[in-house]
Amino acid sequence: MNVQLLRLAVVLGLITAVGPFAIDIYLPALPSIGKSLAASPEAVQMSLLAFFIPMGLCQLFYGPLSDIVGRRSPILAGLVLFILGCIGCALAPTIEILIACRVVQAIGACAGMVIPRAIVRDLHTGPEATQLMSQLMLVVSISPILAPLTGSLIMGVVGWRGVFGAVAVAGLLGLVLALTQLEETRPPEDRAESSWSKSLVAYWHLLRDRKFMGLTFAGAFGVSAFFVYLANSSFVLINHYGLSTTAYAMFFALNAVSFFGASQLTGWLAGRFGMTRVLQAGALGFVLSMVAAPVVMALGLAQLEVMAALLFVGYGFLGLFMPVTGVLALDDHGENAGAASALMGALHSVSGAGVMAVAGRFADGSPLPMVAGIALCSVLAFALTQLTARGMARVKNPAEPVGAPAAERHA
């Protein structure tokens, strides 16, 4: 990867990481927020759902907007809104106001999460796009690795409200980066053919595209497996296993290291073995590791070390799997990359929030319901991957316009 693309990956990755940072940094604070605001665990978890649902739905707005007006200005507007939401969260006197401000945060954050994927598609397809996406994800990995530890340290000094102050600073840094380093990748001549009505038509065609929908929902259940972990891990690890907030942050970082470390192999593996094989291998390793977790726990092996090892391996395979699903899903849709990226992101977030809500109904603070929910998501992701890959394999002699499917070109 040349220096220019590496710089782009760093800039896009840091902007994309602002939203996940707002999630990851306050995970160690969830039990403390409940005590401070006299809120139940279910109400505190609602502050997570209140972030994920609007973050998903609003992508349906930002994606077409970025096709029509360009990529840069919607990112700038979203970051400003995100910073205002952070300030509101830091000052929230009740759990209800905190939840409302999290909604504002999410509406702003989703611009920086959906548009960078479209920027990647503006520039590249196939293994090159996979490599750029993997580099972007490497930068995003800063959030789940460092954010929980940062949050626990801030909590120890100034309490949970200071955590949201730190998130506001992160948003401000993202805004400065976007203003000074981000260039427009969708020129005016490309925007001239875009409109809201065409975006609605594009959504309709995307919803009928079996390859796009299969890969998107396969990725959605991969994301959902992580969402279940996000919503329950602090209660399981801090309350059930007795970890300190700092130890919890380190435990959380291990899975992030596995996920993002493995994701760096996808570009090389896709070029060597084909994207379809990498997709299927990642899905297989993911499901075998995650299904093993509830099985061994049901057999009485519920030690923290056992769960940690299986989650570490499983999320590593998920790191191979997720970048390929995104690249393959977008590869045929260069002319509507913003809309396609938005729909994919929306389905990921809303599916994850829905799975999180269902899993929360069975949560009792013990690890078994959490790992069972993760395992179910892995089974669904694997099944959809197999069905979609078979459909892709049946395509004979595909046409080769710009943005032709990387799966057929490189498998």
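All values below come from the heavy atoms of this structure, side chains included, with hydrogens, waters and symmetry mates left out.
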So, do L237 and L304 sit near enough that their side-chain heavy atoms are less than 4.5 Å apart? yes
Would you say M370 and Y229 make side-chain contact, with heavy atoms under 4.5 Å? yes
Donor-acceptor under 3.5 Å (H348 side chain, G56 main chain): no
What pair of heavy atoms forms the shortest contact from V158 to G162, and how long is it? CG2-CA, 3.7 Å
Spatial distance of atom CG (D190) from atom CD1 (I68) [nearest 0.5 Å]: 13.5 Å
Would you name the heavy atoms of P116 and I75 that are closest together and state the gap between them? CD-CD1, 4.5 Å
With a 3.5 Å distance limit and no angle check, can you tell me whether R186 reaches the backbone of D67 through a side-chain donor-acceptor pair? yes
Show, in sequence, the C-alpha distance, side-chain angles and deciding distance for S47 and Y26, and conclude whether the side-chain contact (heavy atoms from CB on, under 4.5 Å) test is met. CA-CA 11 Å; S47 67; Y26 97 126; 2.7 Å; yes
Please name the residue in the list V278, L215, T276, L269 that meets the side-chain contact (heavy atoms from CB on, under 4.5 Å) test with V324. V278
Can you give me the closest heavy-atom contact between S263 and P323, atom names plus distance? CB-CG, 4.1 Å
How far does CZ of R208 sit from CZ of R210, to the nearest 0.5 angstrom? 10.5 Å
Run the numbers on F321 and T385 for side-chain contact (heavy atoms from CB on, under 4.5 Å), then give the verdict. CA-CA 10 Å; F321 173 72; T385 298; 3.1 Å; yes
Is any side-chain heavy atom of S351 closer than 4.5 Å to a side-chain heavy atom of V223? no
Rounded to the nearest 0.5 Å, how far apart are CZ of R71 and CG of L65? 10.0 Å
Is it the case that the side chain of S258 and the backbone of G316 share a donor-acceptor pair, with hydrogens and angles ignored and the cut-off at 3.5 Å? yes
How about M297: does its CE atom have over 12 heavy atoms from other parts shown lying under 6.0 Å from it? yes
Backbone N/O of R72 and side chain of E184: donor-acceptor pair under 3.5 Å: yes
Do S152 and M155 have side chains that approach each other closer than 4.5 Å (heavy atoms only, starting at C-beta)? no
Side-chain atoms of residues 10-23: list all donor-acceptor pairs with protein atoms under 3.5 Å, sequence neighbours left out, distances to 0.1 Å.
unit_1 : atom_1 : unit_2 : atom_2 : d
T16    : OG1    : L12    : O      : 2.7
T16    : OG1    : G112   : O      : 3.2

Does the R161 side chain pair with the main chain of A92, one donor and one acceptor, at a distance under 3.5 Å? yes
Using every non-hydrogen atom in the two residues, find where V69 and R191 come nearest and quote the distance to one decimal. O-NH1, 3.3 Å
dist D24:CG -> L149:CG (nearest 0.5 Å) comes out at 12.5 Å
Indicate whether any N or O donor in one side chain lies under 3.5 Å from an N or O acceptor in the other, for S197 and S195. yes
Please answer whether the main-chain N or O of A346 pairs with a side-chain N or O of S349 as donor and acceptor at a distance below 3.5 Å. no
Side chains of Q280 and R277: any donor to acceptor distance under 3.5 Å? no
Which word best sums up how the rings of W160 and F164 line up, parallel for under 30°, tilted for 30 to 60°, or perpendicular for over 60°? perpendicular
For the backbone of I33 and the side chain of S36, can you confirm whether one donor and one acceptor N or O come within less than 3.5 Å of each other? no
In Å, rounded to the nearest 0.5 Å, how long is the span from CG of L91 to SG of C86? 11.0 Å
So do M290 and F382 actually touch side chain to side chain, heavy atoms under 4.5 Å? no
Mind checking whether V355 and F227 have side chains closer than 4.5 Å, heavy atoms only? no
Work out which heavy atom in A329 is nearest to a heavy atom in F212; give both atom names and the distance. O-CD1, 3.2 Å
Taking the side chain as every heavy atom from C-beta outward, state whether S224 and M356 have any pair of such atoms under 4.5 Å apart. no
Enter the distance from T325:OG1 to L318:CG here, rounded to the nearest 0.5 Å. 8.5 Å
Hey, does the side chain of Y203 reach the backbone of L60 with a donor-acceptor pair shorter than 3.5 angstrom? yes
Using side-chain contact (heavy atoms from CB on, under 4.5 Å), reason through L254 and L311 one step at a time and then give a plain yes or no. CA-CA 9 Å; L254 281 175; L311 290 179; over 6 Å; no
Between A106 and F51, what is the shortest heavy-atom contact and its length? CB-O, 3.1 Å
Between S233 and Y248, is there a side-chain heavy-atom distance shorter than 4.5 Å? yes
Taking the inter-plane angle between the rings of Y315 and F226 on a 0 to 90° scale, is it parallel (under 30°), tilted (30 to 60°) or perpendicular (over 60°)? perpendicular
Step by step, would you call L57 with F61 a side-chain contact (heavy atoms from CB on, under 4.5 Å)? CA-CA 8 Å; L57 294 177; F61 166 78; over 6 Å; no
